[in-house]
Number of protein chains: 2
Amino acid sequence: MGVKLTDVAKRAGVSATTVSRVINHYGYLSQKTIDKVHKAMEELNYQPNSMARSLQGKDTQLIGLIFPTVSHPFFGELASKMETKLFEKGYKTILCDSANNKEKERDYLKMLAANKVDGIIAGAHNLGIPEYENVGLPIISFDRHLAEGIPIVSSDSYQGGRLATEQLYQRGGRKIAILTGTNESDSPTNKRLEGYLSVLKEHQLEPMVYHFPLEHSPFLKATEIRQILSKEDIDSIFCTDDLTAILVLNKAQELGIDIPGDLKVIGYDGTEFIQNYFPQLSTILQPIDQFVDLLIDLLMKRINNADVELDSLYQLPVRFMQGQTS
Amino acid sequence: MGVKLTDVAKRAGVSATTVSRVINHYGYLSQKTIDKVHKAMEELNYQPNSMARSLQGKDTQLIGLIFPTVSHPFFGELASKMETKLFEKGYKTILCDSANNKEKERDYLKMLAANKVDGIIAGAHNLGIPEYENVGLPIISFDRHLAEGIPIVSSDSYQGGRLATEQLYQRGGRKIAILTGTNESDSPTNKRLEGYLSVLKEHQLEPMVYHFPLEHSPFLKATEIRQILSKEDIDSIFCTDDLTAILVLNKAQELGIDIPGDLKVIGYDGTEFIQNYFPQLSTILQPIDQFVDLLIDLLMKRINNADVELDSLYQLPVRFMQGQTS
DNA sequence: CTGAAAGCGCTAACAC
DNA sequence: GTGTTAGCGCTTTCAG
């Protein structure tokens with residue numbers, strides 16, 4: 001293998017301990033020794049072996065990130081920002097795309113434990129993974145209940161759902177449909193649905209709910225959307241994610257439906273990507289930067305003190321962003 | 001810490017060696033012993049410590065992925081697919097967003113070396129990082145020259161540039177502009193530019209080249225595009241990435257420019273994301289799946305045998321995908 | 001077929 | 001201020 005601590009020690013004419021002390025800024029060292037060691041390290045281009053170091057029980061400075069997939073703009077952005085901030089704090093990120101696959105998520109959890117990561121941030125969307133109950137590792141969850149004692153960072157999906165629906169109502173919408181994911185209780189999209197339902201109820205309107213299973217390809221979804229748009233009598237659509245909203249916009253255009261004249265559309269997520277490349281879309285903005293800050297803050301707290309009391313739910317506010325589709 | 005090998009040994013009433021053998025399917029064991037050990041491992045919910053294991057010089061099963069940022073759909077898709085395939089092969093992925101930052105990329109390189117990753121796949125876009133010269137680790141590069149002896153996997157950007165430009169010409173384009181990145185020699189977008197220039201030359205047309213520095217925000221880019229569209233006399237635009245093409249489409253719509261009537265647009269990349277959510281965009285398809293397969297194949301070869309002879313450049317073909325913008 | 005013992009590269013009492 | 005020594009959790013000769 002490469003250059004090791006003892007090589008440096010030999011070259012600097014000191015003991016391994018001394019080198020270790022220099023590296024870890026620990027104990028009393030004479031400036032002369034420090035310089036000697038530094039010189040030797042540079043000459044040999046020495047890199048400490050993190051494996052050996054974490055064997056002593058030192059932190060690995062490794063954080064596991066479990067998300068459905070970074071190929072989705074929302075999670076891509078979240079992952080990218082998490083990675084950046086973690087790196088600034090001296091952590092490396094192990095990326096785990098759970099791909100909405102329970103088995104894979106379980107495997108990852110095991111793997112992360114074996115790799116002795118210092119902590120995990122999990123934002124995947126699989127339910128019922130008992131392993132989370134006793135990983136014995138600091139974990140913070142994004143937007144989903146994992147297990148007792150694991151804090152959840154999320155935004156106020158119920159209010160988000162209400163906000164979007166209210167907007168559509170205020171702009172004259174009376175036949176307001178919702179396009180959303182599968183009907184799992186406890187998923188964030190389901191809370192958005194509840195918000196929608198509550199507003200419709202207040203205005204005594206008939207809900208029109210369309211569920212799209214996660215497994216459905218965008219192409220299939222698009223086809224179904226086309227069906228809905230051409231057959232049903234709808235004047236407004238609330239999509240519980242922006243990508244679905246884009247599909248609606250595309251299909252509406254194909255069908256010659258005027259937006260927002262004949263149909264108003266509001267999405268959900270409001271990533272920077274959407275704001276940059278789809279500024280016309282009205283949407284509910286999730287506070288991604290704040291998610292990142294909070295998730296990392298909480299994780300650091302847990303890492304530094306496994307017993308800190310944390311709230312079980314942190315709910316950040318969302319905002320409506322007016323585009324031209326509503 | 002957690003349960004360790006000796007705990008399992010004690011519980012199974014055997015030596016540590018035996019447990020190690022069972023785990024590594026190594027040497028002669030009686031079925032009885034194997035069963036005993038497995039039983040003990042399960043009862044204790046034992047996870048081998050990968051740190052300790054890789055200390056003996058065993059592989060870490062860790063691969064470093066260096067890309068500009070997974071928040072970009074192209075790299076998000078690439079990273080996600082790489083991660084998936086690597087996981088299937090038993091590798092974990094350390095994600096490194098270089099963020100177009102040379103310093104960060106260097107730091108990452110050091111960090112990956114310290115973490116004894118088995119190999120690296122680097123597709124970042126920073127030039128002149130001498131550290132690549134002697135990482136002493138298997139590396140495969142995506143779409144960029146890193147150092148002597150590091151194989152490059154890329155697609156045929158020159159042909160891609162030609163293909164796009166030819167298409168525009170065949171559809172009647174005579175005032176064909178190109179929107180591209182900064183003018184770094186050796187970058188893939190620059191090869192696309194060369195392809196464009198060669199076609200224009202063949203047809204004796206005047207090139208119209210617009211460079212956008214990487215640092216420019218999409219918003220700034222959009223403003224500049226609006227300028228160009230309203231002031232210049234252009235009938236076709238080749239954008240060397242799809243996102244820029246989307247910006248053009250947006251601004252053209254704002255300005256009431258008919259597409260493809262008044263202006264034809266062709267993008268570049270053709271991610272699944274674009275194909276799903278922007279099917280109307282004509283674009284040049286990069287073979288992402290083949291990139292992934294080839295990158296990983298080559299890396300595995302280097303990992304298994306540091307001295308295998310590999311070509312210095314693997315160039316995959318691109319395809320034109322007809323949408324409605326050209 | 002199984003175990004004892006040495007050692008991977010590094011750190012941390014404990015001495016001097 | 002600095003070195004000696006033991007040991008982190010695991011693998012691997014070498015014996016038996």
Side-chain angles (χ1 to χ4, degrees), chain A residues 1-41 44-62 110-118 136-137, chain B residues 1-41 44-62 110-111 113-118 136:
Chain A
M1 277 253 145
V3 186
K4 49 198 182 194
L5 190 136
T6 50
D7 298 332
V8 178
K10 214 167 287 170
R11 173 130 193 162
V14 297
S15 75
T17 316
T18 302
V19 178
S20 173
R21 284 203 181 103
V22 173
I23 293 171
N24 297 293
H25 312 286
Y26 174 77
Y28 294 88
L29 285 318
S30 73
Q31 191 56 48
K32 211 176 123 198
T33 313
I34 295 178
D35 293 343
K36 260 195 314 198
V37 171
H38 275 138
K39 187 153 161 283
M41 292 202 297
L44 296 170
N45 190 18
Y46 168 70
Q47 288 291 4
N49 181 331
S50 349
M51 303 294 151
R53 145 182 304 209
S54 33
L55 236 203
Q56 333 293 321
K58 288 254 169 205
D59 286 349
T60 55
Q61 303 293 110
L62 242 27
K110 277 192 202 162
M111 181 276 274
L112 292 174
N115 274 73
K116 301 279 176 271
V117 296
D118 292 347
L137 232 43
Chain B
M1 278 252 144
V3 186
K4 49 197 181 194
L5 189 136
T6 49
D7 297 332
V8 177
K10 212 169 288 170
R11 174 130 193 161
V14 298
S15 75
T17 314
T18 303
V19 178
S20 174
R21 284 201 180 103
V22 173
I23 293 172
N24 298 293
H25 312 285
Y26 176 76
Y28 296 88
L29 286 316
S30 74
Q31 191 56 47
K32 210 176 123 201
T33 313
I34 294 178
D35 293 343
K36 259 196 311 197
V37 172
H38 275 139
K39 187 152 161 284
M41 292 202 297
L44 296 171
N45 190 18
Y46 168 71
Q47 289 292 1
N49 180 332
S50 349
M51 303 294 151
R53 149 179 301 206
S54 32
L55 235 203
Q56 335 292 323
K58 290 251 170 206
D59 287 349
T60 54
Q61 303 292 110
L62 242 27
K110 277 191 203 163
M111 180 277 274
N115 274 74
K116 300 278 176 275
V117 296
D118 293 346

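First the proteins, then the strands, lettered A, B, ... as listed; each starts at 1.
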Report summary line: Rounded to whole Å, NZ of Lys4(B) lies from C1' of dC10(D) at a distance of 11 Å
Query raised in the report: Are any of the side-chain heavy atoms of Leu5(A) and Ile23(A) separated by less than 4.5 Å?
Result: yes
Report task. For dG9(D), take OP1 and OP2 only and decide whether either is under 4.0 Å from a side-chain N or O of Tyr46(B). Result -> no
Query raised in the report: About how many Å separate CD of Gln31(A) and NE2 of His38(A), when rounded to the nearest 0.5 Å?
Result: 9.0 Å
Query - Spacing of Gln61(B) atom CD and Ser54(B) atom OG [to the nearest 0.5 Å] - result: 9.5 Å
Requested in this report: Using atom CG of Leu29(B) as one end and atom P of dT2(C) as the other, report the distance to the nearest whole Å.
Outcome: 6 Å
Query raised in the report: With sugar-phosphate meaning primed atoms plus P, OP1 and OP2, does Thr33(A) contact a base, only sugar-phosphate, or nothing at under 4.0 Å between heavy atoms?
Result: sugar-phosphate
Report summary line: note: Lys32(B), atom NZ; dC1(C), atom P; distance rounded to Å ~ 12 Å
Report summary line: dist Asp59(B):CG -> Arg53(B):CZ (nearest 0.5 Å) comes out at 10.5 Å
Query raised in the report: Nearest nucleotide by nearest heavy atom, which residue falls closer to the 5' end of DNA chain C, Ser30(B) or Lys58(A)?
Result: Ser30(B)
Query raised in the report: What is the distance from OH of Tyr26(B) to P of dT12(D), rounded to the nearest Å?
Result: 6 Å
Query raised in the report: Rounding to a whole Å, what distance do you find between Met51(A):CE and dG9(D):C1'?
Result: 14 Å
Report task. Verify the contact: side-chain N or O of Arg53(A) to OP1 or OP2 of dC10(C), cut-off strictly under 4.0 Å; return yes or no. Result -> no
Query raised in the report: What is the distance, rounded to the nearest whole Å, between atom CG of Leu55(B) and atom C1' of dT11(C)?
Result: 12 Å
Query - Atom pair distance, as rounded to whole Å: CG in Asn49(B) and P in dC10(C) - result: 16 Å
Query raised in the report: Under 4.0 Å between a side-chain N or O of Asn24(B) and OP1 or OP2 of dT11(D)?
Result: yes
Query raised in the report: Which pair of non-hydrogen atoms, one from Ala9(A) and one from Ala16(A), has the smallest distance, and what is that distance?
Result: CB-N, 3.7 Å
Requested in this report: Can you measure from NZ (Lys4(A)) to CG (Asn49(A)) and round to the nearest 0.5 angstrom?
Outcome: 10.5 Å
Requested in this report: Give me the residues of residues 14-21 of chain A where at least one heavy atom lies under 4.0 Å from an atom of DNA chain D, by number, or none.
Outcome: Val14(A), Ser15(A), Thr17(A), Thr18(A), Arg21(A)
Report summary line: Smallest heavy-atom separation, Gly2(B) atom then Asp7(B) atom, equals O-OD2, 4.2 Å
Query raised in the report: Does anything in residues 9-36 of chain B pair up under salt bridge (charged side-chain N to carboxylate O under 4.0 Å, His left out), and if so which pairs, sequence neighbours excluded?
Result: Arg11(B)-Glu43(B)
Query raised in the report: Under 3.5 Å, is there a donor-acceptor pair linking the side chains of Ser20(B) and Thr17(B)?
Result: no
Query raised in the report: Between dG7(C) atom P and Gln56(B) atom CD, what is the distance in whole Å?
Result: 13 Å
**Report entry** Five-pair end axes of the helix from dC1(C)-dG16(D) to dC16(C)-dG1(D) and the angle they enclose, rounded to 10°
**Finding:** 40°
